[in-house]
Every structure is written in structure tokens, then in C-alpha cells.
Amino acid sequence: MTPVDSTLPERYDPQAVEAKWQAIWDAEEAFRAEPISRDGVPPSVPDRPKAYVLEMLPYPSGEAHMGHVKNYTMGDVVAHFRRRQGWVVFHPMGYDAFGLPAENAAIRTGRPPEEVTRHNIARIREQLRRLGFSIDWQTELATCDVGFYRWTQWLFLRMFEKGLAERREAAVNWCPVDQTVLANEQVIDGACERCGTQVELRQLSQWFLRITDYAQRLLDDMDTLVDWPERVLTMQRNWIGRSEGARVTFTTDDGVHEIPVFTTRPDTLFGATFFLLAPEHPLVPQLVNGRPEAAVVTEYVRQAARADIADRTATERPKTGVFTGRHVVNPVNGEHIPVWVADYVLMDYGTGAIMAVPAHDERDFAFARAYDLPVRRVVSAPGMAADAPVEAAEPGEGTIVNSGILDGMDVAEAKPAIATWLADQGLGEATVGFRLRDWLISRQRYWGAPIPVVHCGACGVVAVPDDELPVLLPQVDDYAPKGMSPIAAAEDFVATTCPTCGGPARRETDTMDTFVDSSWYFLRYTAPNLSTAAFEREIVDYWLPVDQYIGGVEHAILHLLYARFFTKVLYDLGYVGFAEPFARLFTQGMIYYQGAKMSKSKGNVVAPDEMVNRYGADTLRLYVLFMGPAADDAEWSDHGIEGQRRFLDRVWRLVAGQEGDALIDRPTRDALADEPAALALVRKAEATVAKVTDDIGERFSFHTAISAIQELVNDATKARAEGAVTGTAGAHALRFATQTVVSLLFVFAPHAASELWQALGGERMWVAPWPDVDQAFLARESITVAVQVNGKLRDTLQVPAGLSDADVAARAKASAKVQAVIDGKDIRREIVIADRLVN
RNA sequence: GGGGGCGUGGCGGAACGGUAGACGCGACGGUCUCAAACACCGUUGAGGGCAACCUCGUGUGGGUUCGACUCCCACCGCCCCCACCA
């Protein structure tokens, strides 16, 4: 520790102060967390509460932006706060380092992606350090580290063993210019995010993780996530999209093919007047083979395949389809209904085939109108005749009609009744459909973790044995995608031998989606350098689940759902003892500037570095949290940040003149008995501690916490300027209030507060206990009571604390202002809220 | 089409059924300065009054309550997520 020098420079110079304290924190490893398995050494588990405080790791695309600053500042406030409350805090940092942007930069500049990425990481790390975050830098990792992706591959193999990772053919997004598949999130309005080309659907063999196997549990376990924003839970529920219905099997009229459909309206089965297949449905070619309709149907299927995705899925698009010439038999009534192919039927939801009930489904109704197909009412709204014509689809409630055994039931009764009947006849069953799709993790890209399998002519797809991991990403010269991953061109890499039979084999050349990396990185932080396992059960079980996770709401679905899925798989495999990774989640709002999201292309970026240079890191940290509620979007204000710098200057001036060699204790109430101004100031300090503690710990309301500290500074400054706090007792109260300001301010502005704390005679601010509240000071002997008449404020009274309700009411009635209003009128009712008001 | 959220001064926002507008920005006035900028001090919801004070005010209209920015219903206006999901 540097020797105590309690003279404070006259002017606050953030650059000097920040450099000084950052160096001290580094030298002392101030924010190193135990227990971490750094070298496989067993940890000692402290007998204190723990807090794993985690912010979503940055994607190192270049520079840290204001969103990062806000995100990491929030996490840092929580980390400091819990640390000073005596909790064991773990606050790590890493980089989501694989992925497209680095690869694109490589293609553009000719520099290898690894080099680009390492350069960007160094840059972001420097920025994070300049902002003074209390990160345990010993656990820093990048997902592109061999020591990390080796274990990503290991996790993939565990899923492969369990059948949760599988290779199968599917329709995927394909960019014809970039010659690669794209993730859904890389398709913007049907176009490739890189080149703007309209994306096509292609049938390709791809690797999927069977997240759909976990759909129900992902839904059920949400009930335990009580500390997640309702909005995020709702989004996940909608994304998983559970719907109850029935699977019903239709049969072609020649009896050859059985075609199951999924429907949420089995009660309308008798209203099915035609049958639809998705263009990609595998039976389509067989059904039309050799028929006169074959040419037309084949052409329609080809057009559908070529149509870009945005177009094909546009709701307002007119319904189109072609008749196959074939019929299927409706199992409930034996009717033969025509089979059409229509592109509004999606292959990857349900079974890719539907029964069409035009009377009670808007889309089917539109299709029936377009092609002049029959419409039959099977649900009748109250008061409506069973044969009333259907003018528009009626998807609502009503009584079942024209439906044999179901007639007379209402919709809710008919659903289970028909399901039971179908099950008895062996024609179907009640079932549940999910909107959630399996997770396509294949990427025909270079910069990702290679999928650790080989393809053997004799043995098929074979896992790379654990002891041969990692499958290292090979060096290549050309990163441009050519329809296959660039690593396919590395013959040394591709040519290998089969681990099972020893014969010649070829390596898989797809790499993994980067969301795989971010689905488990929070586990690896607990053992960042461990070379014998991905992590150690004892350690992850100590730290996890994450106590506070913070990040952007844009990850509400994908990342958060994938990470939950991974955790459940690991739980089932016995590698971890918890089924949910993030106990408490906070999603922050975005920062806008000049009315738009900050972006380089719009040229409306406010660079964090520039703000640190101009105002200091502490000012920037204060401002990003002061802008408004942390969960809300906020507009950056060039003037607003100046206000926070003025605030720190004001705190600096408040401390100046009060330097000393030692901190002081809270004054006693007796000592302040005859000093009302001093007493009021100490009271304010206590109230501020109470509010700031609640705002940070319970409410995640940082802007009001900062406001509260500002109020205390204003009160203290004013009391001193007015000479209200003179003499021993007054000076004592002022210094106590000042000390409290610095102590609370620390979590937001750690550098300045550390410096000021030292000037006041304190030592390591970051381990100083969080101030407690002396309730005795919050209790008051005199209280301001509001007096209302008919709900309107008429007067305020000073009354002694603990005065009986009747006495308070009597005093209220005696008030001249109240008399003026109630004069001559009867008082019907008196309401007295203790210590609050009289009505 | 389905789901979720939000409407408070000139602006960001505070008030978790009990004195609406804390805190900050901006604006205005003052001090400092030859001057300006900075900084500091003060005023700042609207209308009225010389005043102390009074009246009106939380998108609109109803309701519950002694009392509603807050709870309930309807409407208007914005924002976000999902979307031919059968």
C-alpha cells in the first residue's frame, strides 16, 4: 500500500487519479476471487455468501462501445457492492472470439482471423482496464483459445454420444453469393447481412443439436426463474411455442401412404374439405409420379424452393397452390378430399402436412376462396344456424355441428372427445407441438471450433476420441467461403484415418456456431487453465448458478435459451449439479444518439475512449448509469455527462479542507442534541445509506441511487456554506456526511472515491465494509404531517413523533387553513395515517 | 394476426395507494472577468395575486377508494418481440 498522503490536490484530475488506483489494484490483485481452480489445486470454501456477478462477454469486433460501458459498469457496481458487504465475489471477463466479423476482416485485409481477433481483444481489454472494472483478470479467456475450444469439442462429443448432436438433411438459409449457409440471425429481411443478396432455401446435410428434446423442460423450469424479467420469460415461452392438439393420420385413397398431420383444432376434423402438403414434403414426388399433374406440381415445388424466404413467409401474400390430382381419406368420416401442394404450409413445423378447415381457419379460408374449394361449417356461434353460410373464417368458440358424434358439444369439450375417439380407433392421439426448431450449429466457415468427427467410408460418422482432442483449426491461406468451409482446402487436415477401423477417412470441415461457445463459457471461468477437464464439478457447483447475469435484451431468446439447454444437458449427464445457469437476470436498454442506435455506418458513435480522455472513467461510469432506468433505452446527451463531471468536482471540493489522518466514527445523538442542522445532516446521511443500499441491492435502480448521493452532497455543501455546521459537533457531522458520500460513491466512481477516501484517512476503499444504517437516526421526534380535506392538501403540521391519532386529528382541525375550508361543515370521516397525514 | 411494454415540466426522469415534478440537463438572473467561455450562487409545471396564498395540472373518458401518476375497465398514441406455427 502506498503511504498515506492526505493532502488533496486542489483540482480533481481524473487521469492521474485513475492511473494511480488502477496500478494499485493490479499490483495487489485486489479483485482476485477464491475459490477458483486455477491450477487444479483444491479450493478452500469460505463461510460467507457468494456472488457470481457476470456480464455477457463482449464480441471483439473492434472497439468497446457505450453499450459495453453501461453493461460492465452495472456489473461492477454490483460486484463492488457485494464485495464490500462481505460476500465472496467472482467477477470474470472473456471474449466471444470466434465468428464472422473477424473472418470478414481477414478476407478484406488478408490478415489471418486469429491475428485480427487477438488485436481486437487487446484493444478491448485496454479499454476495459481504463474504465477500472473490478475484474478478476486471472480468469480471462477467449473462446478461440485452443484451451477453450478443445473443451467445446469435448462437450459436443458428449452430446453426440447421447444422440443429442446429429447430422441430417434439412432446408437451410443459403447465400448464393457468399456460398455458405447463414444462421437465421444473419438473414435480415430475407437478405444476407453481408452482401444483401436474397437468401435461398437449400436442402443440405447439417449438424443439429436436439434442443427440441428439451422443449418441455425449458418451459417448465422457467417457473424457477423468478428473478428474470417477465418480458424475457414471455419471449422464451413464445419462442418455444407450445401448443396442444392432436396428431391425426390420413391415408391416400389407394391405401398406400399414411400421412399424419398436426392440428390444434381436432374438433373441426369434420370440416376438413381439402388437404395440403408443403412443397418440400418428401411424399410429393411419389404422389404425382406418372400423373398428368406431375409437371405442374414439380414446377410449383421448384418455384417455391427458389422463392426468397422473406417473400415466401410474408403473411399478406396471396395464397397459392397446385392440385396433385390425388385424394386422401378423412379418418373420421371416410370422405375423400383433394390433396394440394401449397407454399404456406411449412415443412419444419408439425408434419409438413395439414388438413384444411376453411370455415374455421383464416388461411385455409383464403385458399378455398382462391381455388373455389368447398367450405363447411362445423362450429356454430351462439344463435347461429348450423347451415348458416360462412362469410369469413370463424376461428372462435361455439357449438359443434355437422360432425356426427361431436354434434352439440362446445369446442372445449370436443377436443378431448375426438382425441379419445382417434386414439381408440388407432387413427391418432392427443399430442403437443412446439414451435422451437432444432439448433443448426454447422457453419461452412473458417473461424470457429471444428466439429470433432471424421467421415469413414466403412464406419460412417465417427467421433474423434477424447484423447485426440483438440482438433486444431488448420492454417489456411484463403478464408473466402466457397460453399464449403475454407478448411476443406487444407488437405493435411482433411485426410486422416478412421479412429474405429484405421482405414482412410476425411475430417468434418464444418465449424460450430459461435453460440455453442457462449453456451458454456460461464462454466469455464471457474477453471480457466484446467487442462484435464472442462471444469470441476465441485467448483462449478460452488459458484453456479450465476447470481446476477447482465446483458442486452437482444439475447433474450437465442443465447439465453441455448445456455439453459446446455446446462440441462450437463445436469442430466451428471457434470453439474444445477439445471439452470442464471438465477437472476437483468437486461439493459440500449443507448441512442441523435435519435438512432449508435452505429459506425450512421456516424453517430460516441467513443468511450474520447469520453474517458475528456471527463475521466468515473464520470463516464456515473453518466451511463445516471441516464435513466438501467432497463430502458436512453438517449446520450453531450451535456448530461458534463453534469456528472460537475458532481465529482463538487464532491472533491466537499472533501477538500476536511482531510485527515484517520476516519471518524458516527457522531452520537447526544452530541448533536443541540445542533439541529448537524443532526439533520447525519440523518440525511443515514437515510441515503438506506436508500442506496436498497436501490442497488434490491431494485437495480442505479440512477436513483446516484441522485440520492447527489442530494446528500448538496445538503452537506449547503450546510457548510451557510455556516450551519460549525463547532466540534457540527464539524463532526459534516465530516461524517462527507465520509458517507465517498463510501457510497465508490461503487460508481471507484478511482475518485479511493483517492478521496485516502485523503479522509481511510485505506483500501474496496474492502471497507459497506456502511450500515443506524435506525436511531432515522426515527424522528418531530414529524411533518400532511393535512388533507377531501383528498386535497390544505396544510402541513409539525407534530411530535408518537402522538396519538386523535391528538394529531385534533391539531389538524385546529389549523387555521383547515378551519377555513371545513368551516361550518360536518366532518364525515377522519383518516389518520401514523406519521404521514390526516384526511 | 398473437404476445409484451410505455404515455408525468422545455428534456432525461423521481414518486412501489398518502405533500406530484427528487436528482440532473437546458433556460433565465447574479458573482467572477476588460470581455467571453468556464466555474460558482440563485430562480425555473401552467395561470392569477404586491403578498401570504389561490386555481388548474401525470394521454382521453369512466370506475374503485377518505385519498389514484400508482389499482380496474374502455379508448387514443407510441415502442419492442414473434408471426401463413395449422
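All chains are named by letter (A, B, ...) in the order of the sequence lines, taking the proteins before the strands, and each is independently numbered beginning at 1.
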- prompt: Mind checking who B:rC34 pairs with, Watson-Crick or G-U wobble, both distances under 3.5 Å?
  reply: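 Because no pair has both required distances under 3.5 Å, B:rC34 counts as unpaired.
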task: Identify the nucleotide, in any strand shown, that forms a Watson-Crick or G-U wobble pair with B:rC28, with both distances under 3.5 Å; if there is none, say none.
output: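 With both distances under 3.5 Å, B:rC28 matches B:rG42.
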Please list each protein N or O that sits under 3.5 Å from an N or O in nucleotides 37-39 of chain B, with the distance.
residue	atom	partner	partner atom	Å
B:rA39	OP1	A:R646	NH1	3.1

query: Which comes earlier along RNA chain B counting from the 5' end, the contact point of A:F262 or that of A:G643, where each point is its nearest nucleotide?
result: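 Nearer the 5' end of the strand: A:G643.
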- prompt: Between A:D361 and A:S701, which has a closest nucleotide on RNA chain B that is more 5'?
  reply: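 Result: A:S701.
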Could you tell me whether the phosphate oxygens of [N], OP1 or OP2, come under 4.0 Å of any side-chain nitrogen or oxygen in [X]?
| X | N | value |
| --- | --- | --- |
| A:T704 | B:rG13 | no |
| A:R317 | B:rC84 | no |
| A:N714 | B:rG24 | yes |

- prompt: Rounding to a whole Å, what distance do you find between A:F702:CZ and B:rG13:C1'?
  reply: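 Roughly 17 Å, once rounded to whole Å.
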field: d(NE2, A:H703; P, B:rC25) in whole Å
entry: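 Whole-Å distance recorded here is 16 Å.
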Tell me whether the count of non-hydrogen atoms from other residues, nucleotides or ligands lying under 6.0 Å of [atom1] in [X] goes above 12.
| X | atom1 | value |
| --- | --- | --- |
| A:E642 | CD | yes |
| A:Q15 | CD | yes |
| A:R231 | CZ | no |

Tell me what [X] touches on the nucleic acid: a base, only sugar-phosphate, or nothing, going by heavy atoms under 4.0 Å.
| X | value |
| --- | --- |
| A:K691 | nothing |
| A:G241 | nothing |
| A:D632 | nothing |
| A:V345 | base |
| A:R242 | nothing |

Under 3.5 Å, which N/O atoms of the protein pair with N/O atoms of nucleotides 1-7 of chain B?
none

